[in-house]
Amino acid sequence: MPEMSKVYDPKPVEAKWVQVWLDAGYFRASMDSQQPPYCIVIPPPNITGSLHLGHALNNTLQDILVRWKRMHGRNVLWIPGTDHAGIATQNVVERQLKAEGLNREVLGREKFIERVWQWREQFGGIIIGQLKRLGASCDWSRERFTLDEERSTAVKEVFVRLHQDGLIYRGERLINWCPRCQTALSDIEVEHEETQGKMYYLKYPLADEPEIFLTIATTRPETLLGDTAVAVHPEDPRYNKLIGRQILLPLTHRKIPIVGDPILVDREFGTGAVKITPAHDFNDFEAGERHGLPRISIFDKKARIQSFLDQEGVDKEVLNDLMQLDVAMARTQVVKWLDRRGYLVKIEDHKHAIGRCYRCKSIVEPFLSPQWFVKVNDPKNSLAQPAIDAVRQKKIRLIPETWEPNYFGWMENIKDWCISRQIWWGHQIPAWYCSDCNPMLHTYPDGTPIISKEAKPIVSRTDPTQCPACKGTKLVQDPDVLDTWFSSALWPFSTLGWPKDTPELKLFYPTNVLVTSFDILFFWVARMIMMGLKFMEEIPFKDVYIHALVRDPEGQKMSKSKGNVIDPLEVMAKYGTDALRFTLAAMASPGRDIKLSEQRIEGYRNFANKLWNASRFVFINLQERPIEKTVEPRSLADQWIGVRLQKCIGSVTRNLEEYRFDEAANHLYQFIWHEYCDWYLELIKPHLAGESPKADAAAARATMVNTLETLLRLLHPFMPYITEEIWKRLPHAGDSIVVAPYP
RNA sequence: GGGCGAUUAGCUCAGUGGUAGAGCGCUUGCUUCACACGCAAGAGGUCGCUGGUUCAAUCCCAGCAUCGCCCACCA
């Protein structure tokens, strides 16, 4: 053993043990162990990701649990893996292409996907290496990817079965459209943000009495082109006599009806008269349904082509003009036209919430288009209800419990899940269309087929070669891919080999706990519960430990643009991985965000150093005489530290059982520094210096060593590297502290 | 509009029905033979406000205030 320096240097220690542990295979789960299993599936980080503090926290907590259970002798399986992250990854690769003067349309779908796979080969594994450095004791021989072959099989199987059950359907609905990503988004992929906008007041003249007009208020004047009615409140004396009459839409002079609608119209708001644009607003869509109004969609390139293709007699020139406009320009243009023709009454400042894409922050537009949906709350065959019951009946525990109202609130009002995305990177939807049966197939300029809303899909596990209806062979696969979260919803069983009936599934499903942060409770956790119950007929995990977000010292979200990002890799290099892990654990109190400051990490770096030097002290005292481990404690100090150690073991264990990482860490800190070092080692110095009978000295030496050895095992799940390093220098039984018994 | 949480030492945060704790910071000593990433001693808090329950409340209850987060269709 090399000399111990006065200051603990984590770097060589960490590098050494990572390799030793991996080579020794300590993290591998056994398929023929008699020990009770303990299983966690990792929340798969995006392949585009680099380790940030959220990952560091998440995986530190999982690793603490996993190492703790492993030391208890459980047959531990922690399954690692990564997420293909559809939109995020596609965006990254598209940016790369742009830098090369290319784009995906030029490349074509096949080449583009190839290119993304190349990108993943090159960069997609970076985060896995970083997790290893963090000390994550995953079974790395079982690394999974949400888009690998086995997971694709699982995805297809689930899709086909849900479709057979009528729980997946294709239909034309109003969805959230990101004009930048050129794809549909699910409801929860839209972030609402209070924004200072404008309210436009516009004149709509009556069709047969143009001198009489209604003033309507709108925040989106450009959607006027798609208006199909104006609504007033049926009990509003100002307007209700007009119900049933026609009104002229400015600019186009299209005649649209005035309808009475008590649900849509708030008499107090605006002017009490509302334009209805069913194809561009969720409320208006429903109002349109109530009154049987047509839907006219006007914006977005794809949207425009689609909606005009579906109409007869489209003026090609109008189409071309509209094609050139983006949403922001359309608004300016339309307002200018309105003003010039005297339809604009006034513009006021107005605060309202607008939706933005969670990936690129572009303003999301409601857009009418054919998409695929999962029917989540079918009254006869609900996916949501069993998932609600499982939590209500405490088969699944949310920890802390305070998340339950949130969970129930969301699940009980859940809407159908839009799962199709108009991107290329992901699980392509296993549905095909026969060109003979569906003669209305068109293509976009980039060659992507446009499948009409009436087209009848052929859903199949394997690529079909013939249309079952007409025996035609010209089959086109649906160009859309599935929402990334569709494949991650299957993660707890797809990673164990489902749909094959594997021994892994039998042994490790349901998993023991899911460790995650609250921001993906709906994206991921709720959907895993639904899918697990549906396809395994069993909950996917017993506990869900929900931890907080890591913020900067001022409580701000860390972001590159704010420049307040603390990079865990830098922290690990500067203070040591053990210090970072211990800090995160010590600050992980339930239901509260972590405001991380570097000073705190420094404090725990000092703690590691304290332990290091206490150990040096122990070794110095062992050099002179052999150790007599079996000697009984004699002095009051010996007995006292024994009692305190037992108390500490009790607290740590109890707190870990309750996922109180912070309390467990604090007990360890308190005991090691302020009891073992400050009191015990000071008290026995006189004994060791030979001021006491020989037997007392021997007892002190033995107690000193035994206590240190025990507390190292106690601390190991939190600080794996330094504990292994010291433990290996002590007299010990076994090959590694990783597999030593927990006290 | 609904839900959740926060408000405790200068800062970041634990905690308990019976006169408050940690880390960092601060003050004053220490080249004490493990450690200055240290040791010792110390200063510093009417535990957001107002009521209520209780022998007793920072902790339980109600209301209020401020802040934060999530959800929600107000044009």
Side-chain angles (χ1 to χ4, degrees), chain A residues 4-9 174 187-188 191-192 197 199-202 216-221 223 230-231 261 263-277 280-287 350-353 355 366 400-410 413-414 518-519 521-522 548-549 551-557 575-576 579 582-583 586-621 660 662-663 665-667 669-670 673-674 677-678 681-682 685 688-689 704:
Chain A
M4 291 175 82
S5 66
K6 276 169 101 170
V7 176
Y8 172 62
D9 180 10
L174 202 57
D187 293 343
I188 49 176
E191 294 171 346
H192 291 273
M199 179 74 90
Y200 302 84
Y201 291 82
L202 311 176
I216 60 97
T218 178
T219 52
R220 298 169 64 215
T223 63
V230 167
D261 194 310
I263 299 170
L264 183 69
V265 180
D266 175 352
R267 276 176 283 182
E268 311 301 316
F269 192 90
T271 62
V274 196
K275 66 195 213 54
I276 301 183
T277 322
H280 288 280
D281 182 281
F282 289 94
N283 288 320
D284 292 7
F285 183 84
E286 285 175 18
H350 179 68
K351 252 193 211 153
H352 63 130
E401 259 183 22
T402 144
W403 288 105
E404 285 187 1
N406 260 299
Y407 176 82
F408 292 132
W410 191 70
N413 298 299
I414 197 163
F518 65 82
D519 53 338
L521 189 60
F522 303 142
L549 293 178
R551 297 173 178 278
D552 80 353
E554 274 76 48
Q556 300 285 311
K557 230 175 185 168
Y575 298 105
F582 201 86
T583 307
M587 299 193 75
S589 30
R592 190 155 175 157
D593 283 348
I594 296 175
K595 291 184 200 165
L596 190 69
S597 71
E598 204 170 313
Q599 285 183 327
R600 191 77 186 244
I601 304 165
E602 195 180 330
Y604 290 118
R605 186 272 315 263
N606 296 351
F607 172 60
N609 196 56
K610 184 75 180 175
L611 176 65
W612 181 252
N613 278 290
S615 306
R616 278 183 66 218
F617 176 80
V618 169
F619 288 120
I620 288 166
N621 281 285
R660 288 306 304 264
D662 57 329
E663 289 281 290
N666 286 329
H667 277 108
Y669 184 97
Q670 192 65 25
W673 197 312
H674 298 300
C677 293
D678 286 354
L681 292 185
E682 294 303 326
K685 276 179 182 173
L688 300 173
M704 165 184 89

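Letters A, B, ... are given to chains in the order of the sequence lines, protein chains preceding strands, and every chain is numbered from 1.
- Rounded to whole Å, the P atom of B:rG17 lies 31 Å from the corresponding atom of B:rG68.
- Of the residues near RNA chain B, A:H350 and A:D662, the one whose nearest nucleotide (by heavy atom distance) lies more toward the 5' end is A:D662.
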Grab the N/O contacts between the protein and nucleotides 29-33 of chain B below 3.5 Å, and write none if there aren't any.
none

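- Backbone-only contact: A:H674 has heavy atoms under 4.0 Å from sugar-phosphate atoms and none from a base.
- Within 4.0 Å (heavy atoms only), A:R660 reaches sugar-phosphate atoms of the nucleic acid but no base atom.
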For nucleotides 36-38 of chain B, give me every protein contact, N/O to N/O, under 3.5 Å, one pair per line with atom names.
| unit_1 | atom_1 | unit_2 | atom_2 | d |
| --- | --- | --- | --- | --- |
| B:rC37 | O4' | A:N606 | OD1 | 2.8 |
| B:rC37 | O2' | A:N609 | ND2 | 3.2 |
| B:rC37 | O2 | A:R605 | NE | 2.9 |
| B:rC37 | O2 | A:N606 | OD1 | 3.3 |
| B:rG38 | OP1 | A:N606 | ND2 | 3.2 |
| B:rG38 | O3' | A:K610 | NZ | 3.0 |

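- The separation of B:rG23 from B:rC60, taken at their P atoms, amounts to 26 Å, rounded to a whole angstrom.
- Listed nucleotides: B:rA75, B:rC4, B:rC35. Nearest to the side chain of A:E682: B:rC35.
- Within the 4.0 angstrom heavy-atom criterion, base atoms lie near A:F269.
- Note: A:F582 and A:F607 have tilted aromatic rings, judged against thresholds of 30 and 60 degrees for the angle between ring planes.
- Of the two residues near RNA chain B, A:D187 and A:V618, the one whose nearest nucleotide lies more 5' is A:V618.
- Within the structure, every side-chain polar atom (N or O) of A:T402 is placed at least 4.0 Å from both OP1 and OP2 of B:rC4.
- A gap of 11 Å separates the C1' atoms of B:rA57 and B:rC47, to the nearest Å.
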The dot-bracket string of RNA chain B, counting Watson-Crick and G-U wobble pairs with both distances under 3.5 Å, using [ ] for crossing pairs and | for pairs to another strand, is (((((((..((((.......)))).(((((.......))))).....(((((.......))))))))))))....

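- At the heavy-atom level, A:Y669 lies under 4.0 Å from the strands shown only through sugar-phosphate atoms.
- When distances run from any side-chain atom of A:F522 to the nucleotides B:rC73, B:rC71, B:rC35, the shortest one goes to B:rC71.
- Across all strands shown, A:L264 has heavy atoms under 4.0 Å from base atoms, whether or not it also approaches the sugar-phosphate.
- Taking the six-membered ring for Trp and thresholds of 30 and 60 degrees, A:Y8 and A:W612 have ring planes inclined between 30 and 60 degrees apart.
- A:G576 comes within 4.0 angstrom of nothing in the nucleic acid, heavy atoms only.
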